[in-house]
Amino acid sequence: MKQDYLAALNEPQREGVINTDGPCMLIAGAGSGKTRVLTYRMAHLVQEKKVDPFRIMALTFTNKAAAEMRGRIEKVIGNEARNLMMGTFHSVFARILRTEADKLGYPGHFTIYDADDSKSLLKNLVKELGLDPETYKPNVVFNRICAAKNRLIGWEEYTGNPIYLADDSEHRRPEIGRIYRAYSLRCFQSGAMDFEDLLFNTNKLFNEHLDTLNKYQHRLQYVMVDEFQDTNFSQYLIIRKLSAVSQNVCVVGDDAQSIYGFRGADISNILNFEKDYPDLKIIKLEQNYRSTKTIVEAANSVIEKNTAQIQKNVWTDNNQGQQIELIKASTDNEEGRLVASSIFEEKMQKQLHYSEFVILYRTNSQSRAMEEALRRMNIKYRIVGGLSFYQRKEVKDLLAYLRFSLNPQDEASFRRIINYPKRGIGDATVDKITVAAYDHGIPIWTVLQKVSSFISGRAAAPAEDFAAKISNFKITIETKDAFEAASEIAKSSGILRDLYEDKTVEGLSRYENVQELLNAIKEFAETPEREDKTLSAFLQEAALLTGQDENKDNDPDKVTLMTIHMAKGLEFSHVYVVGMEEDLFPSQMMLSSRADLEEERRLFYVAITRAQQKLFLTYATSRYRYGRLKNCEPSRFLKDIDKSLIHVNTKFNVFEPEAPKEYAKSFVSSLRKSASPPVSSHKPSADFRPDNTDLLQEGMKVEHSKFGFGKVLLIENFGNDRKASIEFETIGMKTLLLSFAKLKIHTQ
DNA sequence: CCTGATGTCCTTTTT
DNA sequence: GGACATCAGG
């Protein structure tokens, strides 16, 4: 076995595998086989050095990366791989915190708040503190608090140090410290940790309980970190502490692919690692096995514009390959069509599978135009990321019931379900209950149990019913297994009935989603290898899951769509990077500082280096943004690539007229008059606009979308066999659209 | 206190 | 084009 894997490696790769002791940093260029090195390194430790897998920790940034690595190692070392301590930072330390929670005063089944939970809690807090919701928007406050936590600044230090107050005052938001304090206390009382807390509290645990730190330090002989360039300060300190005794820390990363600065990732971790570990061994993996020469050259020419980076020379032995294809479109919709037809053409010409294509974009919202075009051409696709299953309202609602029944201190969950399904309890009552809880310093649940002594009036009865329900649920959870308990709660809470009564298309899919969640719980509880099959364990895992591995897709032959961020670590034969426009990529919000712009450039570098065979870059000259058609300039990044590497494709370009807005308006007003009943009361709003132009059939029709509403199309002839249609979309005017639907019946 | 209609704001990336 | 706020009427 040893011969096998070592023989297939190049010199620096081999060194990365066998050089297991002492601090080590692998600088791994894109496509240089770093996952392979990490996998073999672990296999080497277990098989050659006879290290107990239990004493190896491997940290990644995504669940997907963790799962993939586990799978690969399993192939080499078999079942033992199961004992490796491997996963994302958040999941590994959530697990540790769960067993050590009492040391920090948290319940073992503490709730994990996602960003939405945190923000809605913050919103309520700002209101309670009587602060201006405009200056203290949840987003702003939340980001500030996260940044502090990532730098390991607790609220005590934050409120105690005048530097932070001065900084906040300068930005005219001096009360952030107060909010931070209230938020932290509230989370603690709710028995809840947000994502940042998982790391912050791990640090706290290790700082305040040296015996605990000691336990892990001695247990863990080897610590490995993948995507090290994405670690923030808080994560870095955890790594350093855990490896302080063994000194066997191996970090793998590529400074050129550091793209999570917004989450606190600090590129200086990688640039300064040497200072913290003077006898650090640095190994550079510079040979790219993934891409053609063209792609590697393009990537290098882009990244060399950056100033902050480690010197390295990424090269390849592969063929020169095809030129990069630059596709120009007139609108975002046309961009979609061009990409779709290009994919179709390439697939046919080269006999490829759809699974070999990926469409990468900067923002999730760009997927819509792509999806529509792919659907229209009957090209199968899969979206990775975006709104996660676990972020859907109906899913979160049921989860909130489960969470609250398990942890009845949890305020965020309480607020979610107290009046869902509707039971006649409004904001006034909710406020009374929470205020009572915090005034008396008791958990919400205690108030609820004696709700009649706090609440009077017509909300008292339903509140008591609610309390009774929850106490039943608590018993259910204790006496039944995870799946049965969850099913019963879904039923008795009224969620299933409420959704079942909704016969709309969305209602149906919501109902299915809840069923799907129950299935997931069932599957979770029926996995034989799983140690902890409780509902509590499921909730913890679900909280850290993102829109990734949840696609149990049995048809693998699909085009993949995702953001560039999600694509890190992956590779595809044909890659389309769409929306190469100034202000979009690089993002408008990243233009203010040089560091930000460099991060965007690294993002572009990541996008390019996903490609094995052929790279396509596309942009549109106009695009809908802020609800308006806006002209776009090609991205500055395009200029960074040597012209000789690019082939400009114009063959697809088709004539497409711009939507004649005034004409559309008068058309709409005439429709409004002729609708039955006439829609006269509504004033034309600024939001009402003629939308995309499109090449479609002749005549006017109302298209019903999957949302049960529709679009109005007017098709016009522009001569030379060129027809264009105007598509009217309405925003905030669903009533009007329903009238249009009626109109269709009249005109038939 | 609920519901439905309308208005307003946002809009980068993710564990 | 969605989430949320707000207002009127029930």
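Lettering of chains follows the sequences in order, A, B, ..., and the numbering in each one begins at 1.
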Salt-bridge present ([X], [Y]; N to O < 4.0 Å):
X         : Y         : answer
Asp397(A) : Lys393(A) : yes
Arg263(A) : Asp230(A) : no
Glu371(A) : Arg368(A) : no
Asp583(A) : Arg623(A) : no

Can you check nucleotides 4-9 of chain C for protein contacts, nitrogen or oxygen pairs under 3.5 Å, and list what you find?
residue, atom, partner, partner atom, Å
dC4(C), O3', Lys123(A), NZ, 3.3
dA5(C), OP1, Lys123(A), NZ, 2.9

> With sequence neighbours left out, what residues match Thr560(A) under side-chain hydrogen bond (donor to acceptor under 3.5 Å, both in side chains)?
Replying inline: none

Taking only N and O in the side chain of [X], is any of them less than 4.0 Å away from OP1 or OP2 of [N]?
X         : N       : result
Lys393(A) : dA3(C)  : no
Ser91(A)  : dT15(B) : no
Asn364(A) : dT12(B) : no

The side chain of [X] lies closest to which of these nucleotides: [options]?
X         : options                   : value
Ser587(A) : dT15(B), dG1(C), dT12(B)  : dT12(B)
Phe195(A) : dT12(B), dG1(C), dT15(B)  : dT15(B)
His90(A)  : dT15(B), dC10(B), dT14(B) : dT15(B)

Please list, pair by pair, any protein nitrogen or oxygen found under 3.5 Å from a nitrogen or oxygen in nucleotides 2-4 of chain B.
residue, atom, partner, partner atom, Å
dC2(B), OP1, Asn419(A), OD1, 3.4
dC2(B), OP1, Asn419(A), ND2, 2.7
dT3(B), OP2, Lys422(A), NZ, 3.4

> Of Arg98(A), Glu541(A), His109(A), which is the lone residue that meets side-chain hydrogen bond (donor to acceptor under 3.5 Å, both in side chains) with Ser536(A)?
Replying inline: Arg98(A)

>> Please determine whether side chain to side chain donor-acceptor pair (under 3.5 Å) holds for the pair Asp410(A) and Tyr113(A), giving the CA-CA distance in whole Å, both sets of side-chain angles, and the decisive distance to 0.1 Å.
In response: CA-CA 10 Å; Asp410(A) 177 354; Tyr113(A) 281 169; 2.6 Å; yes

>> Both Phe142(A) and Asn139(A) contact DNA chain B. Taking the nearest nucleotide for each, which residue is further toward the 5' end?
In response: Asn139(A)

> For DNA chain B, whose closest nucleotide is more 5', that of Ala115(A) or that of Thr363(A)?
Replying inline: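 Between the two, 5'-proximity favours Thr363(A).
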
Base, sugar-phosphate alone, or nothing: which one does [X] contact when heavy atoms must sit under 4.0 Å apart?
X         : answer
Ser365(A) : nothing
Phe89(A)  : nothing
Lys568(A) : nothing

>> Determine whether Asp498(A) and Tyr420(A) satisfy the following criterion, side chain to side chain donor-acceptor pair (under 3.5 Å), listing intermediate values before the conclusion.
In response: CA-CA 9 Å; Asp498(A) 186 68; Tyr420(A) 177 77; 3.0 Å; yes

> In terms of the angle between their ring planes, are Phe110(A) and Tyr106(A) parallel, tilted or perpendicular, with boundaries placed at 30° and 60°?
Replying inline: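 Taking Tyr106(A) first and then Phe110(A), their aromatic rings stand perpendicular (interplane angle over 60°).
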
